[in-house]
Number of protein chains: 2
Amino acid sequence: MPSVKTRAPKRNTYRHGDLRQALLAAGVELARNGGPDAVVLREATRRAGVVPNAAYRHYASRDQLLQAVRSAAMAALAVAIEAELAGLRRGRKPADFARASLRAVGTGYLRFAQAEPGLFRTAFSVPDALQGAPVPEKSGNSGLNPFQLLGAALDRLVDAGVLPPQRRLGAEYLAWSAVHGFAMLVIDGPLRSLSPAQIEVIGQRVLDMVEKGIE
Amino acid sequence: MPSVKTRAPKRNTYRHGDLRQALLAAGVELARNGGPDAVVLREATRRAGVVPNAAYRHYASRDQLLQAVRSAAMAALAVAIEAELAGLRRGRKPADFARASLRAVGTGYLRFAQAEPGLFRTAFSVPDALQGAPVPEKSGNSGLNPFQLLGAALDRLVDAGVLPPQRRLGAEYLAWSAVHGFAMLVIDGPLRSLSPAQIEVIGQRVLDMVEKGIE
DNA sequence: AAATATACTGGACAGTGTCCACATGGAGGT
DNA sequence: ACCTCCATGTGGACACTGTCCAGTATATTT
């Protein structure tokens, strides 16, 4: 056996077929374990069974590849949030439903951060104007990126009369700050050593704080 | 002129004198602009006017040097918080003073993150059990690290009767999450493009949320 | 079928962390 | 005063990285 890390599928055609996609997939896999720094161009080409320079036909630099991986990670986060939202039962009063929506966004966010810390850290590894024109690469199935999903939940709170309209402006910053900060502290901060059960409990308290603090 | 990056002070003695300290200082300077990834061992030795391998007499690896830089960054954060606390006028009622203390911790935290984003990102770049035995390398002049300074402020809130004792447990996680998350979003997240004035305003709203959400 | 554009290969270079063997010279004992 | 020890710094090397430049193979267009 030559080596454990043999990943090249021994392509026989000169062209790869879909190298761009293969590099992105390899990059995502690298980011999954290891975070942003683990996204190394040469390793990605190795896994795609191609010479290092071939990557430059599809990405102008290692950083461009990392950006693509980041977008994919952001989209995965959006999907996780959407999944949490989809699991909501719709029976109750609008106010309760709106509150539950905001909670679901936060819960999905935190679950994803714990389940995929590498991707989560990659998604936020580098500056990004999330405000700007929404690009589909960073969005989930609904076409909304995580920031927009949060905004939609807050809008629902206003519509349901739970959140006074004058408090709506900038409310996503408050909610996002609390949840994002907690996620960071959990995945590689002082709260790293807590058990999943403890994290769940404190996470819910963070969401309580947001709910109380925002209205 | 040979080069702009000439930093070697042309030592003539064989021994450096205090290479360990010089490497740490160079590392901190590198982290100040550029964050954790900019802490590169060879550059640090270059600035200390020494051959790369000399570093290994004082730090077992590049990572050990980075850890030392992190501790220094954490200590600088503690000092910034202490400075904010020291600026508090003491005249008022204990309850007001306790509230102001918590706010000062948060404000110091956010000010430092904005003033020294490189050091801030470095301080939290890598897992660290902040809970464990407090080491002086990460502490400010009071001997307390940032986490402990926050805890002390919360204790004062309890003593002043503002925060019910049963809410005290874990309260630092809530406060820390909100403030840390906001800091992250500001220095390299979606809030990066906001003006300092806007950041100040939203930052105060984050602290409002903490105050309301915690009690 | 010829020409062109596209995708990949090959070889190189500077930069990094780190390993090994070696040189230097200050501290302490005789 | 000398001599030896050994912590500290040097020199050279290796594998790894991102990236540049020049070539080569194949798909597409003419």
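We name chains A, B, ... by the order of the sequence lines, and we start the count at 1 in each one. All figures in this text were calculated on a predicted structure; none of them were measured in a lab.
- If you find the closest nucleotide of DNA chain D to Arg42(B) and to Arg15(B), the one lying nearer the 5' end belongs to Arg15(B).
- In this entry the distance linking NE2 of His16(A) with C1' of dT26(D) reads 16 Å, nearest Å.
- The distance from atom NE2 of His58(B) to atom P of dT10(D) is 10 Å, rounded to the nearest whole Å.
- Proximity of Phe120(B) to Val186(B): side-chain heavy atoms (C-beta onward) are nowhere separated by under 4.5 Å.
- Ring centroids of His180(B) and Tyr173(B) are separated by 6.0 Å or more, keeping the two rings apart.
- Of the residues near DNA chain C, Val40(B) and Val51(A), the one whose nearest nucleotide (by heavy atom distance) lies more toward the 5' end is Val51(A).
- Looking at heavy-atom distances under 4.0 Å, Thr13(B) makes no contact with the nucleic acid at all.
- When rounded to the nearest whole Å, the span between CZ of Arg46(A) and P of dG18(D) equals 8 Å.
- We find that Arg103(B) and Glu211(B) are joined by a salt bridge, their nearest charged nitrogen and carboxylate oxygen being less than 4.0 Å apart.
- Of the two residues near DNA chain D, Asp63(A) and Asp18(B), the one whose nearest nucleotide lies more 5' is Asp18(B).
- The side-chain heavy atoms of Phe112(B) and Glu116(B), taken from C-beta on, include a pair separated by under 4.5 Å.
- Nucleotides of DNA chain C nearest to Asn12(B) and Asn53(B) differ in position, and the one nearer the 5' end is that of Asn53(B).
- Going from atom OH of Tyr14(B) over to atom C1' of dA7(D) covers 10 Å, rounded to whole Å.
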Side-chain donor-acceptor pairs of residues 151-159 of chain B under 3.5 Å, sequence neighbours excluded:
residue, atom, partner, partner atom, Å
Asp155(B), OD1, Arg168(B), NE, 2.9
Asp155(B), OD1, Arg168(B), NH2, 3.2
Arg156(B), NH1, Ser101(B), OG, 2.8

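- Checked by atom type, the side-chain pair Thr107(A)/Glu84(A) shows no donor-acceptor distance below 3.5 Å.
- In this structure, CZ of Arg62(A) is placed 10 Å from C1' of dT17(D), rounded to the nearest angstrom.
- In this model, no donor atom of one side chain and acceptor atom of the other lie less than 3.5 Å apart for Asp208(A) and Gln204(A).
- To the nearest angstrom, C1' of dG18(D) lies 16 Å from CZ of Arg57(A).
- For DNA chain C, the outermost nucleotides in 5' to 3' order that have an atom under 4.0 Å from a heavy atom of chain B are dT16(C) to dG25(C).
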